[in-house]
Every structure is written in C-alpha cells, then in structure tokens.
Undergrad: 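Could you have a look at this structure, given as structure tokens, before my questions?
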Amino acid sequence: MAPTIMGKPEVNPGPLARRPDNSAFKQQRLPAWSPMLTANTVLPFFYGMAVVCILLGVWLLITVNNTHQHKVDYTQGSCDECFEMRKDRTKADQRCNCTVGFRIHDAFKGDVFFYYGLINFHQNLRQYMDSRDDGQMTGRKAHLKNPSPYCKPFVADQNGLPIAPCGAVANSIFNDSFTLFYTGEGSPKVQVPLFRKGIAWYTDKNVKFRNPQVDNKTQTLAQVFEGTTRPLFWQKPVYDLDPRDPNNNGFINEDLIVWMREAAFPNFKKLYGVLDRTRKPFKEGLPSGNYSIQIFYNFPVQYFRGGKEVILSTISWFGGQNRFLPIAYLVTGSLILLLAILLTAVWWKFGKNGQNMEE
Amino acid sequence: HSFFPSCLLIEEERHVRANDRNYNDKFFYADNHIKTSKYNVFTFLPINLFEQFQRVANAYFLVLLILQLIPEISSLPWVTTTVPLVMVLVITAVKDATDDYFRYKSDQQVNNRQSQVLRGVLQNEKWMNVRVGDIIKLENNQFVAADILLLSSSEPYGLFNCVFSLGEVICEAPNNKLDKFKGTLYWRGSKFPLDNEKMLLRGCVLRNTDWCFGMVIFAGLQTKLMQNCGRTTLKRTSIDKLMNTLVLWIFGFLVCMGVILAIGNTIWEQEVGRSFQVYLPWERPVSNNNAVFSGFLTFWSYIIILNTVVPISLYVSVEVIRLGHSYFINWDGKMYYGQKDTPAEARTTTLNEELGQVEFIFSDKTGTLTQNIMVFNKCSINGNTYGDVYDEFGHKVEVSERTACVDFSFNPLSDRKFTFHDSSLVEAIKMEEPSVQEFFRLLALCHTVMSEEKNEGDLLYQAQSPDEGALVSAARNFGFVFRSRTPETITLYEMGTAVTYQLLAILDFNNVRKRMSVIVRNPAGQTKLYCKGADTIIFDRLDPSNEDLMDTTSEHLNEFAGEGLRTLALAYKVLDRDFFEEWMTRLLLASTVMENREQRLADLYEEIETGLLLLGATAVEDKLQEGVPETIACLTLANIKIWVLTGDKLETAMNIGYSCNMLRDDMNEVFIISGHTAAEVQQQLRSAREHILGLSRVSNTADEEKTEMFSNDSVFEETIIAEYALIVNGHSLAHALEPELEQVLLETACLCKTVICCRVTPMQKAQVVELVKTNKMAVTLAIGDGANDVSMIRTAHIGVGISGQEGMQAVLASDYSFAQFRYLQRLLLVHGRWSYFRMCNFLFYFFYKNFAFTLVHFWFGFFCGFSAQTVYDQWFITLFNIVYTSLPVLAMGLFDQDVNEANSHRYPGLYRPGQLNLLFNKRQFFLCTLQGIVTSFLLFFVPYGAFSLGVRADGLHLSDQQSFAVTIATSLVIVVSVQMGMVCYLAVYFAILLAMQSDGLFSIFPSQFPYIGTARSCLAQWSVWLVILLTTAVCVLPGMAVRFLKTDLYPTLTDKVRRLQKASRKQGPREQNLRRVRRTSSRRSGYAFSHQQGYGELITSGKNMKVGQY
C-alpha cells in the first residue's frame, strides 16, 4: 500500500552531512564562571567590605578635620546698601562696593583657594543650560557672527548685532569682584595676593574654549570680534574682560570659562582665585588674623531670593572640606558590619553546614 | 505569507480539460510558478518599513522622535532616539531581507525543477511552466510538481489506464484541506467520481512506482501544500503576553511620573522660575497661565527623557535571544540522529522559553513512541517456546545487539534485515517437525500481504499492517517463503521448493471477529483452514482434544504479554471436502444477497471456524523508539503530564502504555471509559472520579468539607498519592468532549497519572488539546509524526514534529522537529529550562537596569526646577541600551547556565519553577522595578551629597553638571555590570566614554560632543572613585545579602543542585549513574492485528489498486 509517500529524498550526499559541529560554542560547553553565594565567600566579603569602608571613613574624617574652611555670606549685612541699590534696575550701571570683615583663628596651612558661592541660582535649568553655543566658544567664525538659535533670546541685540558670547549662560556671568585684605597682629593692612589664572580645567582652557582665529599678527582681538556686541548684562566686551592680561581675554577668559561650566545644583561654588604663596606672610598659607574683603557688588540676587558668599578653603587629597563622604563611609561601613554580623548569626543558627541543602 | 489568487473572482468550481490549453486559460488558473518571497529589490524598503512601523513599539518610538523635533519640548536631541530606532530597524530589516532572500532562492530552485510534460510528445519543462490541465509523467523518487490527478501508473490494476484524450474534470475550488478532494471526471459521456485517493499532492515523492501519469488540477500557489503553509496563526508565549502587559503598566507609570513632574514644574515656575526671569526670560508673553503651559510642555519633555524605561531595544533583544536559543537547538549534537542524518530544528524562533514551562504533553503513538516497526520476537509452537536465548548454565540471557543471530544462509530467499536469536527454532525447521512446518505455513498463507519481486529473489512485501509484515517475513526466513499471489492462488517456496496453493476463501478480519482465516487447497488436494487471531477468541473455538496444549500455550502467551509483546494464536483445521463444497455454495449465496449480508457471512464464518487445532502462538514486538520509557519516566518526574492520543485500538494503545511504563500493574486502578452514549460516558467518568476522590479521602483522613473544597483545585490534585490511569475510547471521547461533559472529563483526567485516548480522530486530538489549553492555563506541547497529528500540533502552544520519518506534514506544521522521541527530554529539560531561565533573568535585569538608569532623571527633576534637564550626556543616553549594557545582558540571556545539562537531566524537579512561572512574573517585575528605583535613588543621592560642594584635589571645581553626569553614568554602568556579574565588560564602557570625549570628535562637532575633557578630569579624581565605590557598595550589597539569606535558609532545588555541581567539579567528574527504567511485567496483552477489514475481499476480487495518499 501507499506507494507514494511525501518526504524529502536525501539531498545531501554524505551520511552525516547535516551533523552539527561539535564545537564548544555550538554545544554550549563554553567554560562559565558562575559565582555562588556561599557562606565561605559572602561572609568574608561582607566583613572585608565593612572594614574597608570604616577604615576609609576614619581616614577621610581625619583628613577632612585637617582642612580649614571659612565661609562668609555677604548678600546682606554690611552690604545692605548695595543689596538695596541692585534692586533698582535703573541703577545697574552705578558702581557699588562694600567691605566684609572676618577673623581667622587658626592659620590655613598650604594652598588656599578663594571661591565665590551662589545660593538658589539655577544653572541647571534645561532652557538655561541649552542657551549657549559651543561652536561659537570654540572660535568658529561662522558661529561667531551667526550664533546658534539655542541662544535665544540672547542671540542678538535690538540692532540685530550678534552677541558674543551668546546665550543666557554667558549673559548671566557672575560679575562681582573681590579684593582680600589681611590685617595681622600689629601689622598694617596688606592685600592678599591671588592668582586669577589657572582656575579652569586644562581641556576647557586649551580645547573647549578658543578665541576666533586672528588672521594676521596686526589684527587685535577687538578687531576679530568686530561686528558682534557684548551680552546685554555685561559692562565690558568679551575681548576686554581682563584689562591687565591680554592673554586672558575673549572666550579664553578663565572667569568666563569657570562660569560657563554650569553647576549641577542650585547651590554651588566656583573658584575665583588661588593664594599666591610667593610673598610673605603668605608663604605658609593664610596666617591667623583679621581679614576683610572689598567687594564690587554688581550681581543682583534678590530677584530670585538668592544669596552670595565667599569661601576660603584648603584642600585635601580628595577635594575640599566635605564631610559627606567620610560620614557616609562610616555609616555604610557600620551598616555592612551589622549586616555581616546578622548574616553570620543567621547562618550559624539555621544554615550552617548546608543543612538546608540536604535533599 | 499571503497568496492572491490570480483571478479576483471567487472560484467555486474548477473545470479542467486535459491538454486543452485554450480552454483552461479561460479561467486564469494560477500557473505553477510559486513565490513565497515577499519583497523584491524595489519594494523591500517601503514594504518592510511599513510592516515594521505597524508594530506598536516602533510606532511609539516614531511618535517620540516626532516629539523630539519640536524645539519647545525637545529635552533630548533627536539623535538619542534616532540612533537606537535606526539600529533596531536595520537589524530587523537585515533579518527580514536574509530570510526573504533564502525564500527567493528556494523558490527559484523549486521553480526550475524539471518535469516531463506530455505535449504531443514527452518533453522536459521547468516546473514553473507547467499549467493546469497538463499531463505530466512522474518517475520513481521524483517530487510531484503540482496537485495532480493520477491517470495511470506502472502498477497493475491501475484505475484509469485510459485518459489521454480530452476528458474534463470538474472539481472543488482550491482549498487547504489535505485529506479531502471531490470531483468528477467526464469522459466519453460517462461520469467517474474522484476523491482524495486519486490525487497526488505537490510536495509528495513518488515511491515504489516506476512511473505514473497525471493531470495537473491545481498548480503553484493553489496547490494544497502551498495553501497550507504560512497560514499558521502566530503563536505567542506567555512571557510575550506578560511583557506586553508590563510595557503597558510601565507606560502608565511613565505618564504618572510625567504628570508629577509637570505639576512640579508648574509650581516651581510659579514660585521660583517667575523670579528667575532676569537670567532666563520666559519666551512667551507673561500671563497667569504661563506656568501651567510650561508644565504642559514639561510633561512631554519628561515623556521623552523617561521613555527609556520602555527601551526600544527590549523587543529586539528578546528576539535576538530567542534566535540564539533556536540556533543552539539546531546546533545541538545530542539531538542529532545519525541514522537518518537529521538534526533537530527549531522552526519557530519565538517560543523557546515556553519550552521551559510545559505541563502537558500530548503524544501520538505510532511513529512517535514506537518506531512503527514490528519484529517477530518469540513464538510458542506445540507447547515449546522459541526466542529466548540461554547461556551454557541454562540462564536466560538478555538479548542485546551483541547476541549472536541465527544464520539463515540455508535459505537464499531470506531477508537480511531479519534477526532472530534462538537457533533451536531453525534446528526444529531443519528436522522437519510437522507442527513447526505447519506453523510457518500458516504464517505464509494466512494474511493479506502483497509481494513484489523486482529482481530474482529480491522480495518486497507490502503489508497493510506492520504486524502482518513481520509475521510473513518471519515465515520467509524460516523457509516458508510467500512468493506471489493471484486472486485464486498463493505460491510458496517451502524449504526451496515451489508449492502453489489454491486460495478458496478469505474469512476476513474485523473488530468483532478479532481473527482472520484462509481456506486453501494444497497440491495434494487437501483443503485446510488456517486461522490466526486473538488468543481468547481462538481458544474458544478449539477442538476439546487440545485442552493440554491450550494450557501450556496460554501460559506462554501470558509470558509474552508480560514482556509487552503483541500476541496471536494460530490454529488450523483440515476440512472435509464435501462439507466445504456445501459451505462454499452457501457462502457464495450469502455474499450476493443484499440484506443482512454482514450478519449472514459472520454466521457462516463462525460455523466453519470451529473445532480448530491449536498450532501455537506468535509474539511480535511493537518496537518502541530508543529510550522512550526512560524519557517518559524522566518527564513524569519533571511533573509533566503525558497524554497519549492515538488512532490505534484500545488494546494496542494499552500495550504500548504498559511497555513504555505509563501503565503499570502496581497502579491502583485503570479506568476504561468505553460508553457508547453520553449518559454512559458521564456515568463512567463520574464513578471513576468518585472512586479516586473517595479513596484518597480515606487515605488522607481529611474532613469531608476540605475535600469538597479542594476537589476542583489543582492543589488537591497534587495530593493524590495513589496512581490511576484513564483510558478513553474514541466513541466515548466524542461524547466526553461535548460541552456538558468536558469539565468532568478534564477533572477526572487530571486526577490520573496517565491518560490514554485511543481511536481518536485528528479533530478530536485538537479538541482534547484545546480543552486542556483553555481550561488549565497550562502550557501544552503536542508531538507527532503524521498528517493526523497536524491539527493537534497546530493547536497546542508548542508543536513538535518527528522528522526523518516518511511524511512531512507534521514537521511542516510544527514549531520544533527532531528525529527521536527521546530528544524531547533534552528539548524540554535542557534547552527549554535554560531558555526560560535565561529569558527571565534577562528580563529581570533589563527592566532593572532601565529603571535604575532612567529614574535618576526623576530625582534630578527636584533640583533642576523640573525643567526636564537630563542628567547624562546625550550620547550616554543614546548608547546605554544598545552598546553599554546590551552586550552583557545579551550575553547573559544567550549563554548563562545555572545548572549544567547533566544535572538538568538528573534532577527533573528543576523543571518545576518554569511550570509555576516563578522566575518572572508580576511579583518579580515589581521586585526588579523596586530594586531599580532604589538603585536610581542611591545613584543620584550619594553623588549629590558628595558633589554638591565638592572640588577637585587641585582646588578646581568639580560640582558641575557634566562631572556629575559622568560620575553617575560610571557608577550606573559599574553597578549594573556587578549585578550581572560581568565586570570585565566595563573596559568597553570606558573605551567608548573616552572616545566620545576625545578632542577629535569635539573639534568636528562641538555642539554634539560638549562633554570634552569631563571624563579625563573626573576619573582622575580620587573623590570620584570614592563616590563610585560607595554607590556600588550600597547598591549591590543589600541585594547580595538578601540572596545569600535566601539560598542559605530556603534554598531552591536549583541552589542545591548548583552546590552539588560545584562540589563535584572540585572532586572531579563523577561516574554518572543514570536511572535505568525497567519494564515491569504485566499480565496484559493486545493481539497483533492492526489493520482494517476489507482487504480479504480486495485480494480475492483482484481489485487492489495501489494508489496511496500522500
């Protein structure tokens, strides 16, 4: 019966032509490393982690305690007068300065850094952060005269002249300036020398921010920026930011670069200067004594209920004075230790010798 | 695939005239050119893209992309969505294109096959040029080119040795019913009915026939084969469905977050943003609603940012993983069957993980559990048994491959493939013992086998049932060779000499008689009746003088049956010539009357089949496929219920049940449902159920109420310790599948360890599967080899076809195919389990990492005035899923093995979690999202605490957004990698991170790569690494502790096995003690008849035509 049968006649010649390769990959025999959570591995690991965290925490805490920091909020107080003046927009062009004094009891040994801080200033808003043109800041001529539409509404002034640097970020640059004075025991008031350069990242200064190409030696920076205008809130054009150092002008001005690196959170501090330790009495750092800061108070913060401060600080190997890390490490370490002890107890009581593992 | 008929009118009837092209062309029938490929070079792009965007996921991302193009909303540059979307589209398109190219190639190959067409003379023609109405000639082992009507063949007694001239066929329109055909042939004024028997279908191969002619009825896409392929409904796994639900939930979650953040934005703009306008003026005219409008825009912005919780790469990754698993199945050397050169094949690539969740297996019997080969194994002749082998001490020897076979060289006509191990039988033959001779003479005479002798001595038997074939072959080897037959004679070669018997009558087999007889006259003029049949039937008709022999034979029969062999009793009788003549006239008379003919014939048969003399009994082994009992035992241990659905008779099915250990004598009860009316069936099912519940009630000593309460519950099913079996007959099944009874059937069946349904039609097979599928919420798998299993294979969640057999339909309809039933164990317990485990793990980590990744934006929202500012670099967002984390998670999804394959086989209990769907369900999903949320919280707030006022070690500032982004991104990648245990992959992350921030890329696209220098500045800082270490520790350790406690206190079987595996690896490989399942002895037997009645008549009438179905 059934002389016709549906089926495939042998297509391949060899007897084992369709045999799959016997390779480790195809047969799923690749060596595999599958860690198993056994008491022998987990418990020592937990104790190890606990010890590491606690030791790190202690070390960090000691380090932090050896650093010094002094913070002065100058929004109001002795600067009340300026604060009031900045409320009035019509007086924006008038200069106003004030002086804040404070005392340092323990000398700041080592490098001392001078930061300015802003409170409640949102550099991290999407529309704000987007409002810049990296192409322009890298010195692209095309972008210089024709800034990116992202810079809106700070692309051009009323006359249609393109703004350089464009955008809300550059426009809102922090423009207070500070002079720090030291009054030692029985000695006259001296200005504390600050380096105002070397405060930006190497890559920012040398790669990310470039001035537009100067065509020939005779052309000045001002000529390069011809046909652009300064941002609305600026008092000086970008090529004239640092009158003392021509190499610190244009887009590579370090204050500008520091400002352009937008802070992640509304309360932030940015570097203003570094103590010049070449002269006495600052060779060791900041000696103890009375200090005062003369402030050119330009930056209005009262609109957004913000605050301004000045921070003097020394640095450790893991950054400035920041107690979060040491405390977090200590807490984490203790918790892990607690967890490890708990695990050991449970394991000892219930799961030792793998008695639950019996079938 | 979709097929368009070439004429748009709906064809109701088909008219075909042989070799009349002009006439046939009027109807625009499809020609024999087939096209299964979907695209061509020009249509590929539009059609493929259109298809791809029909998927919800892709369409969703397209909408996102459009949203991103609106500048007010766009919180992310459009690249972040475009790059992944394009990658996904390209990967899918490439896959589609290669698939289609292979289809095109195979179409080409098929279309260009040669076939001989009769156009005046025979000429070679390509398949694609064959038209409806052509007459084509086929030769042996050729593929059939189209659906053709068989006209003539080299075989004798052919049906139409006629139609080459103009005849017309009117038949049904093209359809996909493989087993039905209706038509009429009009030829010279007369009508001939046509049915399926006369059709040869495309895709078949002509076998055992030198040539045949046929007329093309359906061609190309209208053939039944083509109408049948590609129409399968898309099967989806439960994980798929779960995933879709989860994606919807996530989407809801996304909208919720969007709303929260939008409200936050409205309030913030009102309270804070309003006063910040000096530095960031609102672009729109100030009005009271401005904050609300800003909130509205923010909602969309956040939808864009947070869309990564439903990552675009999810679906693609899942498909890639499934594809990989399918390849592993195709590549598996342990599922390759060398004898037939057939590797396993995953024909569907979308069901793999469901292989790890199967609870019910529905199996065909013939060809699936058994090889469909009958082997003459033992016999009892005149009170002596033959077939067992004894060693020199008189102990029984287990027969194996190495046991010496009997030498049949004395017989030039013997069949080489026949093996027998007991040489004493040959000796008895050579001694010319009369009873032995008579025994084999009976086997050589009493059957309905046809013989074919191509060359001298090269005999080929075509037996209607394999049982008969085995018996006739045995007789052949023992020197009683059935050589040829005509309607009136049978020619034997008895020990080398030709003897021709006159065939006087065949008393055919039927189910009631359970026996068949022939009446022959030997050359000496003696008239003899030879009878073979079920032992009980024969014993009733024996001559009383045979009492003693009957007892011994009956003992032997029990022995045979105990070994699971199929037995027949043989008896003969010398007929008195006068009596026979007189009986014969009555028989002829009876066969001509119209009314009550059956009954009269039966009475006459009854009359002559009395006073028989017992010759002995035969025992035929229905050869199981290799390893079937072991596989079934193992799958049963894995808590998979196996139901056998077979077209065989009750006895045969039970026999196989016993031999493959599904039925055992130590079972408490075997219920047989064989009622003929609905009421009877209901009664039987009810009583069976009550019996089971009643007994366990006693044994459980549980109170009545509780039993009642749980009686319908699967929990209760588990508690039944006693073992029951249920056997349902076909006609009872028809009633039991009625809507009012099916619940009772299901409940009763689920209480039993073994369920066997016999005499089941293909439709009923599908109904049974459907019943379980819809009511038990369990994954079902159907396995079979023949056309009658197609419906059940299609219905079940997973269909498995046994390939390498004759017949392709089952394989074509199946999702997986392999050559041997025993590979099912490997498919389920190894591949299925791994696939499920891997897929679940993959999904767990995938959702986890995306929640951890995305929700950081949510926390950041509270600090950035809900302005939809992203935390990360846009490139990190773009690449996170498709590059940074895709490979480790994909590698895990493709290669991870919790337990190696040997242990997967050894501990079938490992399969349980898949059935209970424990590894990935809604609870697991909540856990992983929760873990993701916590991780994102820690990822955000630890760096926040450390950074908000932090500075670099050289005093330069570090608290800028970009440094923060790099730190969080690095922590995230490290945490995710550590959670997955793939730390080495981090190198790739850093490589890409640094490349993205290189001077080169920046100087080309300054506005696209604003993160220049950030990684260099950041990752050189100790403080950053301190933060990363702390974040990683707080994210990873708690989860680790929980997992440790879990494995230590409540270890799952997987944990235990892994532990053992670890231990044994240290000790070195251990000797594997594989369970050997012994076939237990039983007292039950089936008789070795497996054919239909009616063949006796066919032989005596000389009409047996040899037209087969596909």
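Numbers restart at 1 for each chain; the letters A, B, ... are given by sequence-line order, proteins then strands.
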Undergrad: With the side chain counted from C-beta on, respond yes when B:Thr1014 and A:Arg261 share a heavy-atom pair under 4.5 Å apart, and no when they do not.
TA: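 Side-chain contact under 4.5 Å: yes.
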Undergrad: Does any backbone or side-chain atom of A:Leu43 lie under 4.5 Å from a heavy atom of chain B? Answer side chain, backbone, both or neither.
TA: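 When you check distances to chain B, only side chain atoms of A:Leu43 fall under 4.5 Å.
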Undergrad: Quick check: do B:Leu1037 and A:Phe45 have side-chain heavy atoms less than 4.5 Å from each other?
TA: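 Yes, their side chains come closer than 4.5 Å.
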Undergrad: Looking at every non-hydrogen atom in both residues, tell me the closest pair between B:Met1040 and A:Phe46 and how far apart they are.
TA: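 So the two residues come closest at SD-CE1, 4.1 Å.
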Undergrad: If you compare all heavy atoms of A:Ala328 against all heavy atoms of B:Leu1030, which two are closest, and at what distance to 0.1 Å?
TA: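 The pair with the smallest heavy-atom distance is CB-CD2, 3.5 Å.
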Undergrad: For side-chain contact (heavy atoms from CB on, under 4.5 Å), just list the numbers for A:Trp347 and B:Leu1045, CA-CA rounded to whole Å, side-chain angles, deciding distance to a tenth of an Å, and then say yes or no.
TA: CA-CA 8 Å; A:Trp347 170 72; B:Leu1045 280 184; over 6 Å; no
Undergrad: By a 4.5 Å heavy-atom criterion (distance strictly below it), what part of A:Leu56 contacts chain B: side chain, backbone, both, or neither?
TA: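 It is the side chain, since no backbone atom gets that close.
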Undergrad: For A:Arg126, is there any backbone N or O sitting under 3.5 Å from a side-chain donor or acceptor partner on B:Ser867?
TA: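 Side chain of B:Ser867 to backbone of A:Arg126: a pair is present.
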Undergrad: What part of A:Phe233 lies closer than 4.5 angstrom to a heavy atom of chain B: side chain, backbone, both or neither?
TA: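 Just its side chain gets close to chain B.
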Undergrad: Under 4.5 Å from any heavy atom of chain B, what part of A:Ser316 do you find: side chain, backbone, both or neither?
TA: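 Backbone only.
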Undergrad: Who wins among B:Val144, B:Asp332, B:Leu138 for the most heavy-atom pairs under 4.5 Å with chain A?
TA: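 Of the candidates given, the most pairs with chain A belong to B:Asp332.
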Undergrad: Measuring heavy-atom distances to chain B, does A:Asn22 have an atom under 4.5 Å in its side chain, in its backbone, in both, or in neither?
TA: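 Neither part.
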Undergrad: Is chain A contacted by the side chain of B:Glu345, its backbone, both, or neither, given a heavy-atom distance below 4.5 Å?
TA: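 For B:Glu345, there is no contact with chain A at all, as no heavy atom is under 4.5 Å.
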Undergrad: So, the side chain of A:Asn124 versus the backbone of B:Phe863: is there a donor-acceptor pair under 3.5 Å, distance only?
TA: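 Yes, the answer is positive, given that a donor and an acceptor are paired below the 3.5 Å cut-off.
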Undergrad: Please test A:Arg29 against B:Gln897 for side-chain contact (heavy atoms from CB on, under 4.5 Å), starting from the C-alpha separation and ending with a verdict.
TA: CA-CA 10 Å; A:Arg29 278 188 267 107; B:Gln897 303 180 358; over 6 Å; no
Undergrad: When only pairs under 4.5 Å are counted, which of B:Gly333, B:Ala344, B:Gly865 shares the most heavy-atom pairs with chain A?
TA: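 If we count pairs closer than 4.5 Å to chain A, B:Gly333 comes out on top.
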Undergrad: Look only at the side chain of B:Asp960 and the backbone of A:Glu262, and say whether a donor-acceptor pair between them is shorter than 3.5 Å.
TA: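 A pair under 3.5 Å: no.
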Undergrad: Side chain, backbone, both or neither: which part of A:Arg210 has a heavy atom under 4.5 Å from chain B?
TA: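 It is neither, since no heavy atom gets under 4.5 Å.
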Undergrad: Kindly give the heavy-atom pair with the smallest separation between B:Ser959 and A:Lys269, and that separation in Å.
TA: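 Nearest heavy atoms, B:Ser959 then A:Lys269: OG-O, 4.2 Å.
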Undergrad: Starting at CG of B:Asp954, measure out to CZ of A:Phe113 and round the result to the nearest 0.5 Å.
TA: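 Between atom CG of B:Asp954 and atom CZ of A:Phe113 there are 6.5 Å.
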Undergrad: Could you tell me which portion of A:Arg140 (side chain, backbone, both or neither) has an atom closer than 4.5 angstrom to a non-hydrogen atom of chain B?
TA: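 Contact with chain B is through the side chain of A:Arg140 alone.
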Undergrad: Heavy-atom pairs under 4.5 Å with chain B are the metric here; pick the option from A:Tyr150, A:Phe121, A:Tyr202 that has the most.
TA: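 Result: the option with the highest number of such pairs is A:Phe121.
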Undergrad: For residues B:Tyr944 and A:Phe324, establish whether the separation of their ring centroids is below 6.0 Å.
TA: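 Centroid separation for B:Tyr944 and A:Phe324: 6.0 Å or greater.
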Undergrad: Of all heavy-atom pairs between B:Leu1026 and A:Tyr329, which one has the smallest distance, and what is that distance?
TA: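 Closest approach of B:Leu1026 to A:Tyr329: O-OH, 2.5 Å.
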Undergrad: Mind running side-chain contact (heavy atoms from CB on, under 4.5 Å) on A:Ser172 and B:Phe276 for me, showing each step along the way?
TA: CA-CA 11 Å; A:Ser172 60; B:Phe276 196 66; over 6 Å; no
Undergrad: B:Trp834 vs A:Gln28, test: side-chain contact (heavy atoms from CB on, under 4.5 Å). Steps then yes/no.
TA: CA-CA 11 Å; B:Trp834 277 348; A:Gln28 307 201 54; 3.7 Å; yes
Undergrad: Tell me, side chain or backbone of A:Leu60 under 4.5 Å from chain B's heavy atoms, or both, or neither?
TA: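 For A:Leu60, side-chain heavy atoms alone lie under 4.5 Å from chain B.
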Undergrad: For A:Pro300, is it the side chain, the backbone, both, or neither that has a heavy atom closer than 4.5 Å to a heavy atom of chain B?
TA: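 Backbone plus side chain of A:Pro300, per the 4.5 Å heavy-atom cut-off to chain B.
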Undergrad: Hey, what do you get for CH2 (A:Trp317) to CH2 (B:Trp1022), rounding to the nearest 0.5 Å?
TA: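 That separation rounds to 7.5 Å.
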Undergrad: Taking side chain as everything from C-beta outward and backbone as N, CA, C, O, which of these in A:Leu342 sits under 4.5 Å from a heavy atom of chain B? Side chain, backbone, both or neither.
TA: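 The answer is neither part of A:Leu342.
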Undergrad: Within the side chain of B:Gln961, is there an N or O that forms a donor-acceptor pair under 3.5 Å with the backbone of A:Met129?
TA: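 No, the answer is negative, given that no donor and acceptor are paired below the 3.5 Å cut-off.
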Undergrad: Between B:Ser963, B:Pro343, B:Ala1033, which shows the greatest number of heavy-atom pairs under 4.5 Å with chain A?
TA: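 Top option by heavy-atom pairs under 4.5 Å: B:Pro343.
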Undergrad: For the residue pair B:Thr342 and A:Arg18, confirm or rule out a side-chain donor-acceptor distance under 3.5 Å.
TA: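 Judged by distance alone, the side chains do not pair up.
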Undergrad: If you tally heavy-atom pairs under 4.5 Å against chain B, which of A:Tyr115, A:Phe154, A:Tyr303, A:Trp201 wins?
TA: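 When all of A:Tyr115, A:Phe154, A:Tyr303, A:Trp201 are compared, A:Trp201 has the most.
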Undergrad: So which heavy atom on B:Ile1012 is nearest to which on A:Thr203, and how close?
TA: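 Scanning both residues completely, I find the closest heavy atoms to be O-OG1, 4.3 Å.
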Undergrad: Side chain, backbone, both or neither: which part of A:Ala39 has a non-hydrogen atom closer than 4.5 Å to chain B?
TA: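 It is both, since atoms from each part get that close.
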Undergrad: Against chain A, work out which of B:Val871, B:Val942, B:Leu958, B:Asn330 has the most heavy-atom pairs shorter than 4.5 Å and name it.
TA: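 When all of B:Val871, B:Val942, B:Leu958, B:Asn330 are compared, B:Val942 has the most.
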Undergrad: With the side chain counted from C-beta on, respond yes when B:Phe1009 and A:Asp134 share a heavy-atom pair under 4.5 Å apart, and no when they do not.
TA: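 Result no, sub-4.5 Å side-chain heavy-atom pair not found.
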Undergrad: Do you know the tightest heavy-atom contact between B:Arg952 and A:Ile315?
TA: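 Scanning both residues, the minimum pair turns out to be O-CG2, 4.0 Å.
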Undergrad: Among B:Val1024, B:Val272, B:Thr870, B:Val951, which has the most heavy-atom pairs under 4.5 Å with chain A?
TA: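 Answer, by heavy-atom pair count under 4.5 Å with chain A: B:Val951.
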Undergrad: Could you check, using the six-membered ring where one of them is a Trp, whether A:Phe25 and B:Tyr327 have ring centers closer than 6.0 angstrom?
TA: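 Aromatic pair excluded; centres sit 6.0 Å or further apart.
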Undergrad: Quick check on the 6.0 Å ring-centre criterion: do B:Phe947 and A:Phe265 meet it?
TA: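 So the answer is no for these two rings.
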Undergrad: Non-hydrogen atoms of chain B under 4.5 Å away: do they reach the side chain of A:Val42, the backbone, both or neither?
TA: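 Looking at A:Val42, just its side chain touches chain B.
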Undergrad: Distance-only, no hydrogens or angles: does the A:Lys208 side chain make a donor-acceptor pair with backbone N or O of B:Gly1013 under 3.5 Å?
TA: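 Absent.
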Undergrad: For A:Leu125, is it the side chain, the backbone, both, or neither that has a heavy atom closer than 4.5 Å to a heavy atom of chain B?
TA: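 Both parts, backbone and side chain.
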Undergrad: Roughly how far, to the nearest 0.5 Å, is NZ of B:Lys334 from CD of A:Gln27?
TA: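 Interatomic distance, A:Gln27 CD to B:Lys334 NZ, rounded to 0.5 Å: 7.5 Å.
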Undergrad: Out of B:Glu901, B:Gln962, B:Gln1021, return the one with the most heavy atom pairs under 4.5 angstrom to chain A.
TA: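 The option with the most such pairs is B:Gln962.
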Undergrad: Is any side-chain heavy atom of A:Asp21 closer than 4.5 Å to a side-chain heavy atom of B:Trp331?
TA: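 Side chain of A:Asp21 against side chain of B:Trp331, heavy atoms only: no contact under 4.5 Å found.
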